[in-house]
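Read through the structure below, which is laid out as structure tokens, and then see the notes.
Only heavy atoms go into these numbers, but all of them, side chains included; no hydrogens, no water, no symmetry mates.
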Amino acid sequence: VTATIGTSTIETGTTVRPVRSSRNLLRTLTRSTAGTIGFGLVCLIVLVSLIGPLFTQGTLPTDTSAMNEAPSAAHLLGTDSSGRDVAIQMINGGRTVIIVGFLAAAISTLIAIVLGSLAAYIGRAVDSIIVSATDIVLTIPQIVLLAVLSSLYHLDNTVLLAGLIGILSWPTLLRAVRAQVLSLKQREYVEAAQLLDLGTIRILGVEILPNMASFIVMNFMIGMTNAIYQMVGLYFLGLAPLSGANWGIMLNEAWTRGAAYDPDTVLYILSPVIAISLLQLGLVMMTRSLEEVLNPRLRQD
Amino acid sequence: VLPLFSQLAVAAGFVVGGSILIEQVFQYQGIGYALLKAVQYRDYSLMQGIFLAITIAVVLANLAADLLYGRLDPRIRVSGGES
């Protein structure tokens, strides 16, 4: 039965409708082991970071009697140099990281898809303007520009930070989208749509983009990992204001206060590192099963 | 190979810019470390100098890539008139 689902391919020209019911979606999602593990990891981290802060204390008081403690029953991951519980900080600190990653990836993917497909589809002057703009943005080192911008502006707003990272990281994806659309627009079904005079937006949105859905989702995930990496890097360098709680700030404080050199507090610096790595790993592994969901030809039976 | 080659050119340009993160972690006194210090102390002229160095490196790397394209793929060679 599964073989008949989602057999529509690019050649036949119908838009890809890979899964019809949520049961099939679940089955496809869990088909590849790596994908399942990644999916579980991401779900776990996202759930803990979004729901966890509802059950924990918002701002932890400084407790000088419990500085740099080793892990114990009261403090599962020990305490930091201000006597605050590391485990609670970990739960509170995930939200910003995930929100910034998601928003930045969404912004950059949106820019890349809209401009990239328009450049490839309309061509001529639009194409050359967009491509040269892309080349210019591509040659700007992002982390350097972010560092300078953070010295000029106070980047304590999560959305602002996400927006900044987002509007700097679209060029590579735009190039890839443009190349894909350039090849897809030569297909017969696009020509047929053009003959029917369906309009640029409809042809791009309904005929071309669904065929690159897997590609876009994959790049969205990769964009998310890059955005998280850049954001945490910014916090680690101490360039973004160290207010509130997130994994980047924890990493910065643990590093500057030398938590790596004390066996009792090693978990303090390791836990944000491990959490970020697991989130990144989960995202990358998740793309594999998402790819199978959206691209039926990749499914292994 | 050619798209990869242009990526390589961009990456080669950024080599001069250094990796701020790595240089900070290992206290490597490179150009990225200098840039970070410049940002922290608001030393704008030092920042400008470092940007100039990075820009020159990127431009030169791209120029080298453009010149080498013709060697890698003769079809790309632009004909300057009658061949």
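- Residue F26(B) places its CZ atom among 12 or fewer non-hydrogen atoms of other residues, nucleotides or ligands, all under 6.0 Å distant.
- Other residues, nucleotides and ligands contribute over 12 non-hydrogen atoms within 6.0 Å of the CZ atom of F215(A).
- Of all heavy-atom pairs spanning M47(B) and V148(A), the tightest one is SD-CG2, 3.9 Å.
- Each of V59(B), L36(B), N62(B) has some count of heavy-atom pairs under 4.5 Å with chain A, and the biggest count is that of L36(B).
- In this structure, V25(B) and F236(A) approach most closely via the heavy-atom pair CG2-CE2, 3.5 Å.
- Sparse packing is recorded around CZ of F102(A), with 12 or fewer heavy atoms of other residues, nucleotides or ligands lying under 6.0 Å away.
- Using a 4.5 Å cut-off between heavy atoms, V58(B) touches chain A through its side chain atoms alone.
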